[in-house]
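Residue numbers run from 1 in the order of the sequence given.
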Amino acid sequence: MADQKLDNLLNLALDSTEEERKKSGNLNIGYEERSGNWDIIVKYSGDAEALSGERIRTVPLLGGYAVVNLPEEEIPEFASRPQIEFAEIPKRLYFQVNQALDAACIRPVQEGYFPGAAQTGNTADRMPEQITGNISGGKQGLSGQGVLVGIVDSGVDWQHPDFCNEDGTSRILRLWDQSLLAKPGENPPEGYAAGVEYTKTDIDRALRLSRAEGKQIVREQDFSGHGTSVLGIAAGNGRASGGVNRGVAYTSDIIAVKMGMPGENSFPRTAELMQGVDYLVRQAAELGRPMAVNISFGNNYGSHEPYN
């Protein structure tokens with residue numbers, strides 16, 4: 001009979017052979033094959049000394065929890081102790097972006113096996129070339145090819161491999177750092193008064209140099225990493241992870257704005273946000289290409305329901 005103090009997976013793991021546990025993929029998480037020991041997570045009450053034993057290693061945690069390593073054959077006796085309230089095997093953790101892509105149905109769209117694709121008649125031979133994306137085996141996948149992704153945020157690590165092409169050139173067509181004071185030879189975008197605009201030519205030239213030397217040409221930096229993270233989700237091509245942590249529009253071109261104000265008190269305001277969005281829209285219009293804009297900055301302004 002299953003021990004009611006053990007979670008279902010732990011009970012099932014103890015009733016399964018090693019071969020069955022390996023095949024399952026999740027029943028052997030926490031099991032050390034060499035020693036025959038298990039790492040388990042327990043909820044207990046009372047003194048942590050009650051968790052000890054000759055072949056038991058315990059790491060007590062706050063809140064009455066502990067991580068315990070012990071031989072498999074000792075788990076039933078250990079669980080029977082009155083201080084033990086519950087025990088479970090660890091669960092494997094994953095990068096959230098992987099699960100998010102599946103939960104949001106992005107991966108089927110990228111790979112071209114989303115339901116209804118055949119019914120819509122959107123086959124590769126009927127779609128405009130600039131939006132067909134990666135197509136193989138008669139399937140149409142959407143990769144962001146021909147589309148622009150615009151971002152207004154804390155900046156971007158323009159040297160990150162996820163924002164570079166296979167040949168080492170940049171996917172970033174324009175980069176406007178609103179927070180920089182322009183040096184000789186540097187200028188803000190035409191029609192705007194502050195910051196420095198870098199072109200793809202500037203960024204490609206910087207990428208051919210060492211990291212330190214490149215930053216002398218393109219001085220923009222994402223100090224918080226927020227903009228880099230957000231842009232990676234939206235448009236990263238996954239080159240840094242061998243394609244594992246790939247974003248949504250992974251073959252799109254990028255136009256980025258780092259918000260800020262030149263000077264000490266440089267945290268952006270709504271004025272910088274409005275100019276950044278205006279810049280992105282104008283760039284998309286000039287290039288004649290569709291753009292998706294990501295804005296992950298915000299605040300809680302103005303009246304609320306029912307007066308908004």
Side-chain angles (χ1 to χ4, degrees), residues 95 97-98 101 106-107 110-111 129-136 141-180 182-183 185-187 189 195-258 276 279-280 283-284 286-294:
F95 286 117
V97 67
N98 291 338
L101 288 171
I106 298 299
R107 218 179 292 279
Q110 290 178 335
E111 301 301 329
E129 181 180 351
Q130 67 270 23
I131 61 171
T132 53
N134 58 325
I135 301 172
S136 61
L142 302 180
S143 65
Q145 184 177 340
V147 175
L148 298 171
V149 170
I151 182 172
V152 187
D153 213 284
S154 65
V156 56
D157 179 3
W158 51 269
Q159 294 174 311
H160 196 288
D162 278 18
F163 309 128
C164 295
N165 298 305
E166 290 291 340
D167 61 3
T169 59
S170 181
R171 297 172 56 209
I172 303 173
L173 304 184
R174 294 282 191 280
L175 173 56
W176 178 22
D177 188 337
Q178 297 177 341
S179 69
L180 289 177
K183 292 182 176 181
E186 296 179 332
N187 295 287
V196 176
E197 180 187 43
Y198 298 104
T199 66
K200 174 174 165 57
T201 300
D202 297 326
I203 300 171
D204 284 344
R205 183 159 60 96
L207 286 170
R208 289 193 291 267
L209 305 173
S210 68
R211 290 186 67 86
E213 291 173 327
K215 288 178 180 178
Q216 300 302 311
I217 296 175
V218 178
R219 297 188 292 125
E220 183 272 345
Q221 296 185 66
D222 181 12
F223 294 107
S224 73
H226 182 269
T228 299
S229 176
V230 167
L231 184 58
I233 295 170
N237 60 18
R239 288 186 65 236
S241 60
V244 175
N245 299 319
R246 191 171 68 179
V248 178
Y250 59 92
T251 66
S252 63
D253 290 322
I254 298 165
I255 299 180
V257 177
K258 175 179 178 176
Y279 171 79
L280 294 177
Q283 290 293 318
E286 180 180 326
L287 294 171
R289 294 168 62 181
M291 170 181 281
V293 177
N294 185 92

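Using a 4.0 Å cut-off between charged nitrogen and carboxylate oxygen, Lys215 and Glu220 do not count as a salt-bridge pair. The pair Asp253-Arg289 meets the salt-bridge criterion, since a charged nitrogen lies less than 4.0 angstrom from a carboxylate oxygen. Under the 4.0 Å criterion applied to side-chain N and carboxylate O atoms, Glu111 and Arg246 are assigned as salt-bridge partners.
Side-chain atoms of Gln159 come within 3.5 Å of backbone atoms of Arg211 as a donor-acceptor pair (strictly under, hydrogens ignored). At least one donor-acceptor pair closer than 3.5 Å links the side chain of Asp153 to the backbone N or O of Gly227. Side-chain N or O atoms of Glu186 include one that pairs as donor or acceptor with a backbone N or O of Lys183 at under 3.5 Å. At distances below 3.5 Å, at least one donor-acceptor pair connects side-chain atoms of Gln110 with backbone N or O atoms of Gly247. Using modelled atom types, one side-chain atom of Arg239 and one backbone atom of Pro161 make a donor-acceptor pair closer than 3.5 Å. Arg205 places no side-chain N or O within donor-acceptor distance of the main-chain N or O of Ile217, the cut-off being under 3.5 Å. Using modelled atom types, one side-chain atom of Thr251 and one backbone atom of Gln145 make a donor-acceptor pair closer than 3.5 Å. For Ser229 (side chain) and His226 (main-chain N/O), no donor-acceptor pair under 3.5 Å exists by modelled atom type.
Across every non-hydrogen atom of Leu180 and Tyr198, the tightest pair is CD1-OH, 3.5 Å. The two atoms that bring Ala182 and Gly195 nearest to each other are CB-O, 4.1 Å, heavy atoms only. For Ala234 against Val149, the heavy-atom pair with the smallest separation is CB-CG1, 4.3 Å. Of all non-hydrogen atoms in Gly214 and Leu209, the two that sit nearest each other are N-CB, 4.0 Å. The two residues Tyr250 and Leu142 have their closest heavy-atom pair at CE2-O, 4.4 Å.
Two residues are said to be in side-chain contact when any heavy atoms from C-beta on lie closer than 4.5 Å; Val257 and Gln178 meet this criterion. Contact of the Lys258 side chain with the Ser179 side chain is registered, since non-hydrogen atoms from C-beta on lie closer than 4.5 Å. The closest side-chain heavy-atom distance from Ser170 to Asn165 is not below 4.5 Å. Residues Asn187 and Glu197 form no side-chain contact, since every pair of their non-hydrogen atoms from C-beta on lies 4.5 Å or further apart. Leu231 is listed as a side-chain neighbour of Phe163, based on a closest heavy-atom distance under 4.5 Å. Taking 4.5 Å as the limit, every side-chain heavy atom of Leu280 sits out of range of all side-chain heavy atoms of Arg174. When side chains are defined from C-beta on, Leu175 does not count as touching Ile255, because their heavy atoms never get closer than 4.5 Å.
Taking CG of Leu207 as the reference point, atom CG of Asp167 lies at 10.0 Å (rounded to 0.5 Å). Atom CD of Gln283 is separated from atom CH2 of Trp176 by 10.0 Å, given to the nearest 0.5 angstrom. The distance from atom CD1 of Ile233 to atom CG of Asn294, rounded to the nearest 0.5 Å, is 8.5 Å. Going from atom CD1 of Ile254 over to atom CE of Met291 covers 10.5 Å, rounded to the nearest 0.5 Å.
Considering Asp204, Thr201, Ile203 as possible partners of Thr169, the one that fulfils the side-chain contact (heavy atoms from CB on, under 4.5 Å) test is Asp204.
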Original post:
Should Val156 and Val230 be marked as a side chain to side chain contact (heavy atoms under 4.5 Å, CB included) after you check the CA-CA gap, both sets of side-chain angles, and the distance that decides it?
Top reply: CA-CA 9 Å; Val156 56; Val230 167; over 6 Å; no

Subject >> Chi angles and distances behind the side chain to side chain contact (heavy atoms under 4.5 Å, CB included) call for Arg219, Val196 >> reply: CA-CA 9 Å; Arg219 297 188 292 125; Val196 176; 4.1 Å; yes

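Residues forming a side chain to side chain donor-acceptor pair (under 3.5 Å) with Asp202 (at least two apart in sequence, or on another chain): Thr199.
In this structure, a donor-acceptor pair under 3.5 Å is present between the side chains of Thr228 and Asp222.
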